[in-house]
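Below is one structure, written out as structure tokens; the observations come after it.
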Amino acid sequence: MEYNYQAIEDRWQKLWDEKKIYEPVMGGTKFLITVPYPYCNGALHIGHGRTYTIADIFARFKRMNGYNVLFPMAFHISGTPILAFSKKIERGDKTTIDLYKSYMELYGDDPEKVYEFSKPENIANYFANKIILDFKNLGLSIDWTRQFNSGEKIYNKFVEWQFRKLMARGYLKQGDYPLLYSPSDGNPVGEDDIQEGDTDKVSITEFVSVFFEMGEYNLLASTLRPETLEGVTNLFVNPDSIHSIFLLNGMKFIASNEGFNKLRYQLKVEKIGEIKGNEMVGKVVKEPLHGRSIPIIEGKFVDPDNASGIVYSVPYHSIWDYVALKESGAIIEPIKVIEMDEEENMEDIMRKFNISSLSDGEKLEEATKFLYEKEFYHGKIIRGDYEGKFIKEIKDKIVEDFISKGIAIKFYETSRKAYTREGDRVIVAIINGQWFIDYSKQEWKEKVKGLIDRMELKPDPLKSQFLQMVDWIRERPCARRRGLGTRLPMDPEWIIESLSDSTIYTSLYPVIRYLREIGYENLDDSIFDFIFLGENVLENKDERIKEIARNARKEFEFWYPVDLRHTSYPHISNHLTFYLFQHVAIFPENDWPVGISTGGIVISEGQKMAKSKGNVIPLLTVKRKYGADLFRLYLASNADVWYDVDWRSNEAENYTRKMERFFELASEASKVVDEPDERDLWLIARFNRRLAKAKQSFESMKIRDASIELFFNMLNDVRDLENFAGKERMLRVVRKFADKWALSLSPIIPYISEEIHSIYGGSEFASLQNYPVPDNSYENYEKEWQFIESVIEDYRNILKISQEKHSKLIINTAEDWKWELLERYRNEGKHIMKDIDGEKRDFVLQLIKKGDIKADIRNEADVLEKYKDDLKKFLNIDIEINGEIPPGRLKKAYPGKPSLTLS
RNA sequence: GCGGAGGUUGCCGAGCCUGGCCAAAGGCGACAGACUCAAGAUCUGUUCCUAUAGGGGUUCGCCGGUUCAAAUCCGGCCCUCCGCACCA
């Protein structure tokens, strides 16, 4: 029978669907496994497929081990990307339209319907449906009856409830916060609103703008290195740029016009005049720390469009300043502020980086970075209030001090010059009243740590990574002005941000159908309190709703908490950490998560998948080209769960042949009627040994080990038997365990497993069978075979170095006295060396050196006799057992390793 | 810098926790043979060096240490990758 994966997979998928075998009802020992839901803005690629497949393999294994497994999923649509895409399509953005057309073509839909995507919910629904198809194709044992998406009204109500709880527990707060912003648009902007925003990320840089007094004015000079202020020797002002004079807190300031226009969005300032740069050059200002007078020097290199457009100069520690001063011809003695074990001299740096003038911009940048890193991590301050401190320890404190002393302000600037897709400038604005979740609360952190401590976390390092995260996590902005999602109930101007609205939604899986029954318009906090927290607060509801709620509560209590949440490691530092915090904040302790596992990502042909590289492989392509089973097997066996998988198409081709071989073996064997030859029973022993090992591997999520044992190594064993004993004999043995073999692989390759199981007369689904139990009653046959194998290996070894032609192989087993000594050695240890000598001594010495023997069978000669004909044929040489050989040769014979003589 | 992972024989990648059966699984690649008119696919064998009898030598980032014995344990050093947030 030919292996037609397409037909097999279609058939079983349909049957699973029809019989609803992955839609569990309450009862037995439950196991709830979840994976973070995907964001529905495009076709899924093989990386998404992996995370779900690993979870599915584990779910299937658990199911076959008697657990009542619930594996639900839902869809994420909150946030800005979907909205942004739909806007772009509405605007007619060609790149986006082409991208979405290509998705639609991939799925065989009419690309002209792309214009329906100008409604964001159409994007979300379209891809949610495609994801369902993709995942059904993959053979995931998901209960689709419990799906929902994060844009549903029920979901909104639920998240509102969650945030009111957070508020009541004091975990929400408001404050000011810098954001990327488009002044012409009057709105914050995200990555996808910015030109090249996805490939060249824009972040917010925090400058410190220090006040330098010039008469009644303060010049605002900006720096990224406030710790060097002690070493300031002068200011640089661009003579050609126009500067604004403005009021801030009643004081008069000067900054470049460009700088002032940014500051307007960060602080309350009022422009009262202008002054040109060259009017200031040559004047003197007072530095704020000691009131020293320093000159303003002309600096044409100063970019008025960077921060406040005025800089202060620290020639001892800044290569820019050093070179600029050198060029200006001014005679100024640098002041040293930072000391390092290995001092860097500016002249050396100039040589090292091949800098000759200010026009070497790139090299100057490079040198600046080099110097800064060195000084930041190794430099110690040697002047002023912070003398003796390391910069890395004190930098933040310095900034705070300057601000509280009233000698500086923070100035937020974009990390590079950025423009919106419409071409308008992107700057940084301070948003007032930004909402935060206050993850910095100590008591909260302690509880989370307690939880982490008792959770089952895989792989092991996950625990310390989580603990680290808990220590570091601070306030997190949790709402935005735009995007899809749930409005913040206490301040509906704000929309809850997408990572904050998806932290405890796993609790909806058990009860979503009841909530639908109740209807979103009837949902209020009391119902959620009742269902999720068991608080008895339903008095004034009508009986029907009370009844449904009581059932929901029952189902929630049954399934919750989540036994295992599996995802890829990039989620550790965000989603998973929030997931833990939020559960601790909202739910009683017995509903806190039980286990988390993280896995690697998928790379393609050795490279990270990225749209820009054009090497993203859609899930659908793989399924079509190779089939789901092959893909699953590949994922399972290519790398351990927690390492990255490298998808290589030529290896995938090789898997195709293995799959075919497996299928053909099983189906051909099913037609054989003869009983196996006793000599070949070792293969059954081998299978059972591998099965036992694989089962253990599965338990600890070592899916790779399990798949290699059961699939690849087993196929090799079968091949060995075929080569040794011929196909006919091999098939007779394979028939004996093929069904069990298929079942043992069912978690990994469920479709082919169903097919083989049915060929062998199984009337129930393989997916619902008990996982096969290893049978160790064949052990002895394997020992005998191991012995034969080692003889074959030895023979080949000798053959390699012996170049003469031979027609006969004489095999002599070890003399009895050697077996006796071996027995004594095992019982008494090396002490027996005392009272033996000569040949015996040599023998025991070898034992000590080489360790015990592999194949321990006393009747070696009988076994050899048994396999003699096979060996003859296989090695293509005449064989004699315990024949005449030169006396010295017998010395080579050891228990488990007979002497071989060629003649 | 902080935290995590890792450096293994041409490549990928097991082994390391629980030292000895480890010249080190498996795959890829390469070489040779079988099949074929031929190529491919498939199958078989070889693949650190050396040796015309199963032996010897040198290997598991580098340097030391523990041990009868170390890829595996301990100490130090060098190097690589990942995360460090408001982005799903």
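The chains referred to below are lettered A, B, ... by the order of the sequence lines, with proteins before strands, and numbering in each begins at 1.
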Between [M] and [N], how far apart are the [atom1] atoms? Round to whole Å, please.
N: B:G33; M: B:C82; atom1: P; value: 45 Å
N: B:U44; M: B:G26; atom1: P; value: 13 Å
N: B:A24; M: B:U9; atom1: P; value: 15 Å
N: B:G83; M: B:C31; atom1: C1'; value: 44 Å
N: B:G54; M: B:G7; atom1: P; value: 36 Å
N: B:U67; M: B:A51; atom1: P; value: 38 Å
N: B:G65; M: B:A71; atom1: P; value: 15 Å
N: B:G1; M: B:U8; atom1: P; value: 23 Å

Within the 4.0 Å heavy-atom criterion, would you say [X] contacts the bases, only the backbone, or no part of the nucleic acid?
X: A:Phe712; answer: nothing
X: A:Asp640; answer: nothing
X: A:Asp705; answer: nothing
X: A:Ile473; answer: base

### Message
Would you call the rings of A:His45 and A:His48 parallel, tilted or perpendicular, taking 30° and 60° as the class edges?
### Response
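Answer is tilted, since the angle falls between 30° and 60°.
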N/O (side chain, [X]) to phosphate O (OP1/OP2, [N]) under 4.0 Å:
X: A:Arg719; N: B:C43; value: no
X: A:Asn654; N: B:G27; value: no
X: A:Thr80; N: B:A88; value: yes
X: A:Arg480; N: B:C87; value: yes

### Task
Give a yes or no on whether the ring-centroid distance for A:Tyr505 and A:Tyr579 is below 6.0 angstrom.
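That pair fails the under 6.0 Å test.
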### Message
Please report the interatomic distance OG1(A:Thr901) to CD1(A:Ile810), rounded to the nearest 0.5 Å.
### Response
5.5 Å
Can you give me the N/O atom pairs linking the protein to nucleotides 3-11 of chain B at distances under 3.5 Å, or say none if there are none?
residue : atom : partner  : partner atom : Å
B:G3    : O4'  : A:Gln468 : NE2          : 3.2
B:G6    : OP1  : A:Tyr643 : OH           : 3.2

Is any NZ, NE, NH1 or NH2 atom of the basic residue among [X] and [Y] found under 4.0 Å from an Asp or Glu carboxylate oxygen of the other?
X: A:Asp438; Y: A:Arg476; value: no
X: A:Glu722; Y: A:Lys727; value: no
X: A:Arg686; Y: A:Glu782; value: yes

### Message
Using the ring pair (Phe, Tyr, Trp, His ring centres under 6.0 Å) definition, which of the options A:Phe85, A:Tyr39, A:Tyr100 pairs with A:Phe127?
### Response
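The passing option is A:Tyr100.
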### Task
Going by the ring pair (Phe, Tyr, Trp, His ring centres under 6.0 Å) test, name the single residue among A:Tyr626, A:Phe663, A:Phe662, A:Tyr655 that passes it with A:Tyr3.
A:Phe663
[X], nearest nucleotide to its side chain (from [options]):
X: A:Leu499; options: B:A88, B:G83, B:G45; answer: B:A88
X: A:Glu497; options: B:G54, B:A88, B:G13; answer: B:A88
X: A:Leu900; options: B:A25, B:A85, B:G54; answer: B:G54

Can you tell me the pairing partner of [N] across any strand shown, Watson-Crick or G-U wobble, with both distances under 3.5 angstrom?
N: B:A32; result: B:U44
N: B:A25; result: none
N: B:A53; result: none
N: B:C68; result: B:G20
N: B:A5; result: B:U80

### Message
Looking at A:Asp460, I want to see if its CG is surrounded by more than 12 non-hydrogen atoms of other residues, nucleotides or ligands under 6.0 Å.
### Response
no
### Message
Could you check whether the side chain of A:Tyr177 and the base of B:C86 have a donor-acceptor pair of N or O atoms closer than 3.5 Å, going by distance alone?
### Response
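Pair found.
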